[in-house]
There are 2 protein chains.
Amino acid sequence: MFYLYRVKTTQNIKIAVDAVVFGYDTSNGLSLLLIRRKFDPYQGSWALPGGFVLDAESLEEAVTRELKEETGVHINYLEQLYTFGSPKRDPRQRIVSVSYFAIVRESAHQEPEATTDASDAAWFNVTELPNLAFDHQTIVNTAIERLRSKVRYNPVGFELLDTKFPFSDLEKLYSSLLDRPVDRRNFKKKIMSLGILDELNEKAPHKGAGRPGRLYRFNRKRYDELVRDGFHFEL
Amino acid sequence: MFYLYRVKTTQNIKIAVDAVVFGYDTSNGLSLLLIRRKFDPYQGSWALPGGFVLDAESLEEAVTRELKEETGVHINYLEQLYTFGSPKRDPRQRIVSVSYFAIVRESAHQEPEATTDASDAAWFNVTELPNLAFDHQTIVNTAIERLRSKVRYNPVGFELLDTKFPFSDLEKLYSSLLDRPVDRRNFKKKIMSLGILDELNEKAPHKGAGRPGRLYRFNRKRYDELVRDGFHFEL
DNA sequence: TATAAATTGTGTTTTTATTACGCATAATAT
DNA sequence: ATATTATGCGTAATAAAAACACAATTTATA
């Protein structure tokens, strides 16, 4: 391919992408998908999945490609998080990393495959993370903060749950992410008043004792319509 | 300098930074600092100030350096906005741009200097922007959206005003950014109840008719203390 | 198979926050 | 002087959030 003009810089910086992939289940809480590094530096350490951006692909394409190559998981949510570019964040050379925030739904929370690029990939509870390579702990902290603040005004929380869920699961999710007790009755009143959940004529499969709850589903179409008309919520 | 390990990629991507610099004054509203491009591509077009990142500087250092070189203005607020990386956003070659969001306070809203890097630099009202080079209009839109949503829960709005301001200026700022009428009395009650403004024993200099208002000042120290204790607000 | 334990479903009252609105005060403009 | 413009302060009506109690449905177990 030909370019009309030359870019006049002798810059020696590489650009990479990294993904903070969240999973969630009601009993174990929030978890994170990590890979074990096969090569130096930080060989054997756990790290975020990611890698270098190819010349012809977009940043989003780079993240999804790397995730597929390194972990094989299917993500259902992706957004850009922050770009980390301190000159010394990689010991090899200057690497600027565009980090992404991703979610794998509870039902799709299958075991990750180990592939050629990473010697191992596994889920870790966010409260029990191992030491991470590079500045990846900082990236993870930024992502957790983003998730915690974003669920308060955006339905991103529904991406963590199965498409059909009993109300108590939603309540536990918010109680855990907001890190405060949630009154079941007031919470349900508030959420239902938003008009973005469909009440299904199905009951949750029994798990242990107690009355099984009715199932609900997030109605994204309805949500998007409301947003177009200026709707927004705060929890 | 020596590196222990080689980075195995033949990536041909350059990394740049761009800044969306906001100014504001009560009579003219929100304005934006643009530069006129001296070289192709888009020679003569207006564009965001910015440029390539040097190997040894951080991204923030790159932005402030470029702003100084190209416009000479002194900014009092800077935060990362978003990273734009579509393969075709620059006709010369692949360039990933980390964009920043910056503010120049009303009092420091001096005329920008034209310098060597840019043939011209000027303030434009956000409602009367010229055609912009590259994907800079998209970046500007993202920044305006960020500003509009952020003033609702963050004191970033005070960065736009002079350090001492009459309450009516704050009211006009919010009314303009939130794009809705604001009841003077309720707005003042709400803001004062937050406890983050100091009421000064000074009156605003007279501008035209009407009773001059008392001056107020944002107390950042107090705000930071409150935030440490879990404080947050919504307007 | 009766009873305890666990969990969901629904409603009312109290408290707090928001919105709507009126009138006096202090300055400039004519 | 008097009209005009803008600030300062307060109260009533309305809406939202928080606090709180008991019935219904299921599994566990005595």
Original post:
Which part of the nucleic acid, if any, lies within reach of Arg185(B) when heavy atoms closer than 4.0 Å are counted: base, sugar-phosphate only, or nothing?
Top reply: base

Original post:
So what does Lys203(B) touch, heavy atoms closer than 4.0 Å: a base, only the sugar-phosphate, or nothing?
Top reply: sugar-phosphate

**OP:** Choose from dC20(D), dT26(D), dG8(D) the nucleotide whose nearest atom is closest to any side-chain atom of Pro212(A).
**Re:** dT26(D)

**OP:** Quickly work out the Met192(B) CE to dG10(D) P distance and round it to whole Å.
**Re:** 13 Å

Subject >> Phosphate contact (dT18(C) OP1 or OP2) by Lys190(B) side-chain N/O below 4.0 Å >> reply: yes

Original post:
Is a donor on one side and an acceptor on the other found under 3.5 Å between the side chain of Ser99(A) and the backbone of Ala19(A)?
Top reply: no

**OP:** Measure the distance from CZ on Phe167(A) to P on dT8(C) and round it to the nearest whole Å.
**Re:** 12 Å

Subject >> Residues Glu234(A), Arg152(B): salt bridge by 4.0 Å N-O rule >> reply: yes

Subject >> hbond_proxy Lys189(B) side chain to dT16(C) base (donor-acceptor, 3.5 Å cutoff) >> reply: no

**OP:** Would you indicate what Arg184(B) reaches in the nucleic acid, counting non-hydrogen atoms under 4.0 angstrom: base, sugar-phosphate, or nothing?
**Re:** base

Original post:
Given that Asp169(B) and Asn186(B) both sit by DNA chain D, which one's nearest nucleotide is further toward the 5' end?
Top reply: Asp169(B)

Subject >> Any Ser168(B) side-chain N or O less than 4.0 Å from OP1/OP2 of dA6(D) >> reply: no

Original post:
Once the angle between the rings of Phe158(A) and Phe165(A) is folded into 0 to 90°, is it parallel (under 30°), tilted (30 to 60°) or perpendicular (over 60°)?
Top reply: parallel

**OP:** Using only side-chain N and O atoms of Lys188(A), determine if any of them is under 4.0 Å from OP1 or OP2 of dT10(C).
**Re:** yes

Subject >> Test: Glu202(B) and Lys164(B) ion pair at under 4.0 Å >> reply: yes

**OP:** Indicate whether OP1 or OP2 belonging to dT26(D) is found under 4.0 Å from a side-chain N or O atom of His206(A).
**Re:** no

